[in-house]
2 protein chains.
Amino acid sequence: VKGVDEFALIRLLTERKLPNEGQSGVFVGIGDDAAVAAVSPGFHLVLSCDTMVQETHFKKTTMKCTDIGYKAMASSISDMAAMGAIPRYALVSLSTHKETPVQELQELYDGLYECAEQFDVAVVGGDTTSTSGVLTVSVTIIGEVEPGKALLRSAARLGDVVFITGCLGSSAAGLDYLLTQNRDANGVLAPSIQIAQLMAAHQRPQPQVKAGRLLLQSGLCHALNDISDGLASEAWEIAEASGCGIRLQEKAIPIEPSLQAYADEQGKQAMEWIMYGGEDYQLLGTVPADQAAALQAEFQQRGLCLYVIGEVTSGKTGVELLRADGVLLAIEKKGYNHF
Amino acid sequence: VKGVDEFALIRLLTERKLPNEGQSGVFVGIGDDAAVAAVSPGFHLVLSCDTMVQETHFKKTTMKCTDIGYKAMASSISDMAAMGAIPRYALVSLSTHKETPVQELQELYDGLYECAEQFDVAVVGGDTTSTSGVLTVSVTIIGEVEPGKALLRSAARLGDVVFITGCLGSSAAGLDYLLTQNRDANGVLAPSIQIAQLMAAHQRPQPQVKAGRLLLQSGLCHALNDISDGLASEAWEIAEASGCGIRLQEKAIPIEPSLQAYADEQGKQAMEWIMYGGEDYQLLGTVPADQAAALQAEFQQRGLCLYVIGEVTSGKTGVELLRADGVLLAIEKKGYNHF
C-alpha cells in the first residue's frame with residue numbers, strides 16, 4: 001500500500017461495492033465522517049466486535065487473504081446468532097504494514113464482502129491504518145433484536161437439556177492439518193475431499209444466524225452461546241453465568257465422519273478437538289426438556305440440525321462429561337482434560 | 001498481561017465500571033456474546049470507527065497510557081460531532097503484546113472511560129487480543145440522529161461562508177514540542193503553562209459534540225466535517241464532495257496566542273500547523289452567508305465559538321487561501337505549501 005493515500009486505498013477496497021446507499025437501511029454509506037442507517041422500529045440494538053490478529057489467530061500458511069476477510073466477518077456475525085439477533089451493519093478496521101500489496105487487501109475485502117452479502121450485512125464504514133506490526137482486522141457488527149428477547153448465557157434453568165446446532169471439532173482438525181501436513185512443491189495443499197471439508201470448516205466457518213433466529217422466535221430457548229472457544233469453555237460460560245451444572249453425554253455428541261477419519265488416521269482424539277478446539281461457530285444452548293422434541297421438529301422442517309447432548313443439573317457450577325464407558329469426568333474450562 | 005486469561009483481563013479492565021446495565025439505554029452490557037441497547041424512537045443510527053496504532057499515531061514519549069485511551073475515544077466521538085449526531089455507545093478493540101503490564105492497560109481504559117463519561121457514552125463491549133506487533137486501539141462509536149438531518153460533507157452551496165468552531169494547529173505544535181524538546185533528567189517534561197496547553201491539545205482533544213448538535217438543531221448549517229487531518233485536507237474534502245471551490249482568508253483565521261508564541265520561539269510558521277497539522281477535532285462547516293451572524297449569536301449565547309474564515313466559490317473544485325499580503329495561493333490537499 002506504499003504510496004497509496006488512505007482515501008485512495010479506501011476507494012480501491014470498497015468502490016466495487018459502492019454505492020451502498022441502495023442497500024437496505026443505509027442512508028449514508030462509506031465516504032463521510034460516519035454512516036447513517038436505520039434500525040427497525042421498536043427493535044433494540046445488538047453490538048459486538050471481534051478482532052483477528054496475524055500470528056495470533058491466523059498465519060499466511062493457514063488462511064488465504066479472502067479467508068481472513070471471510071472469517072473475520074463470520075466470527076462477528078456469529079455473535080449476533082448467539083443472541084438470536086439479526087445482523088445488519090458492519091464496520092471494518094484494518095491495520096496493515098505499508099509493504100503489504102494492495103491486491104492482498106483487495107482479496108481480504110472480497111472475503112469480507114462475500115460473507116457480509118451472504119448474511120445481508122451492509123459494510124458501512126471502517127478505518128484503514130498503517131502499522132509496523134502484524135495485520136490486524138477488527139469487525140464491529142451492529143444487529144437488532146426484539147426488545148427483551150435476546151438470548152443470554154445466564155438463562156439456563158434446571159430441567160433444561162443442552163443442545164448444539166451442528167457437529168464440532170472440524171475447524172480445529174482442519175487447522176491441525178494445515179499446520180502439520182506436507183505441502184506439494186508449489187506450497188499448495190492437495191487435500192482429499194474429506195480434508196477439504198475440515199479446512200473449509202476452519203477457513204470459512206458458517207455463522208448460525210437462521211438457527212439463532214429460530215431459537216428466539218420459538219420462544220422455547222433459554223440460554224444461548226456460540227462456540228468460538230470449544231465446547232468445554234462455552235458450556236462453562238453458560239454454567240457460570242446461570243449458576244448451574246452442565247452434564248454432557250459423550251454418546252450423544254455427534255462426530256462428523258471426516259473428523260473421525262482424520263483423527264483415526266493421525267492417532268488423535270476427535271473429542272479433544274470437540275471440547276477444546278473452538279472456532280466452530282455452532283450454537284450451544286438450553287431448552288426445557290419437555291420442549292426439546294418440538295424444537296427439534298421445527299429445526300428439521302427448516303433443514304437445520306439440533307442435537308441434544310446433555311442436561312442442566314443442580315450440581316456444582318461447572319461441566320462434567322459422562323463418558324461412553326460410564327465414567328463421569330469433571331471437565332476443565334481450558335484444555336486440561338485428555339480423552 | 002502474561003498469564004492473565006482473556007476473561008480475567010476484561011474483568012480487570014472493565015469491572016470498576018460494571019455493571020453498566022444501569023447506564024441509560026443499556027440492557028445487556030459487557031459479558032455476553034454481544035451488548036443490547038436502545039436507540040431513541042424514530043432516530044437513525046450513526047456509525048463510525050477510528051483506530052490508533054503505536055508508532056503510527058502515537059509513541060510512548062508523546063502520550064501516556066491514559067491519554068492514548070482518552071484520545072482514541074475522543075477521535076471516535078468527534079466523528080459523531082461531525083455529523084451533528086448524539087454519541088451513545090462504544091466498543092473497544094485492544095490488541096496488545098503479552099509482555100504489556102496489566103497496569104498500563106488499566107490506565108488506558110481509565111482514559112477511555114474518562115472521555116466516554118464526559119460525553120455520556122456507554123462502553124458496552126469490545127475485544128482484547130494478543131499481538132506480536134504494536135499496541136492497537138480501535139473504538140467503534142454508535143450514535144443517533146434525527147432522520148434526514150445528518151450534516152454531510154457534500155452539502156456546501158454557493159452563497160455559503162466557511163466557519164470553524166475553534167482555533168487550530170495547537171495539537172500539531174504540541175506534538176512538535178513532545179518530539180523535539182529536551183526532557184529533564186527523569187524523562188519528565190517540565191513545560192510552561194503555554195506549552196502545557198499545546199500538549200493537552202495533542203493528548204486530550206475535545207470533540208465538539210455540543211457545537212455539532214447546535215449546528216444540526218439550528219437548521220442553518222450546510223456541510224460539516226471534523227478536523228482530523230488539518231484544515232487544508234478537510235476543506236478539500238468538503239470542496240470535492242460538494243463540487244465547489246473554497247476560499248479561505250488568512251486574516252480571518254484565529255491563532256491561539258500560545259501557538260503563536262511557540263511558533264515564534266521555534267522560528268516556525270503557525271499557519272503550517274493550522275493547515276497541515278490536524279488532530280484538532282474542531283468542526284469545519286458552511287452556512288448561508290446571510291445566516292452566519294444569527295448562528296454566531298446562538299453559539300455565543302452557549303459559550304461556544306464560531307469563526308467565519310472563508311467562503312464557498314463557484315471556482316475550480318479545490319481550496320485557495322487569500323494571504324494577509326493579498327496574494328491568492330492555491331492550497332494543496334496535503335502539506336505541499338509552505339507559508
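Chain letters run A, B, ... following the sequence lines, proteins first, then strands; residues in each count from 1. Everything quoted here is computed from the prediction, not taken from an experiment.
If you take CD1 on I142(B) and OH on Y89(A), they are separated by 13.0 Å, rounding to the nearest 0.5 Å. In this structure, L152(A) CG and D33(B) CG are separated by 9.5 Å, a value rounded to the nearest 0.5 Å. In this structure, CG on D32(B) lies 4.5 Å from CE on M83(A), to the nearest 0.5 angstrom.
Side-chain contact check for S95(B) and T136(A): no donor-acceptor pair (N or O, by modelled atom type) lies under 3.5 Å. When only modelled atom types and interatomic distance are considered, S93(B) and T51(A) share a side-chain donor-acceptor pair under 3.5 Å.
The candidate from S130(B), P41(B), P147(B), S132(B) with the greatest count of non-hydrogen atom pairs under 4.5 Å with chain A is S130(B). Interface check for chain A: of the options M52(B), E237(B), E55(B), M80(B), the most heavy-atom pairs under 4.5 Å are formed by E237(B).
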Problem - Derivation and outcome, side chain to side chain contact (heavy atoms under 4.5 Å, CB included), residues V36(B) and L45(A) - result: CA-CA 6 Å; V36(B) 181; L45(A) 296 176; over 6 Å; no

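Heavy-atom distances place both the backbone and the side chain of T131(B) under 4.5 Å from chain A. The part of A150(B) that comes within reach of chain A is its side chain, from C-beta onward, which places non-hydrogen atoms under 4.5 angstrom from that chain. Contact annotation for V46(B): both backbone and side-chain heavy atoms come within less than 4.5 Å of a heavy atom of chain A. Heavy atoms of V134(A) lying under 4.5 Å from chain B belong to its backbone as well as its side chain.
Screening T140(A), I141(A), L47(A) for a side-chain contact (heavy atoms from CB on, under 4.5 Å) involving T140(B) leaves a single residue, T140(A).
Shortest non-hydrogen contact noted between A34(B) and S48(A) is CB-CB, 3.7 Å.
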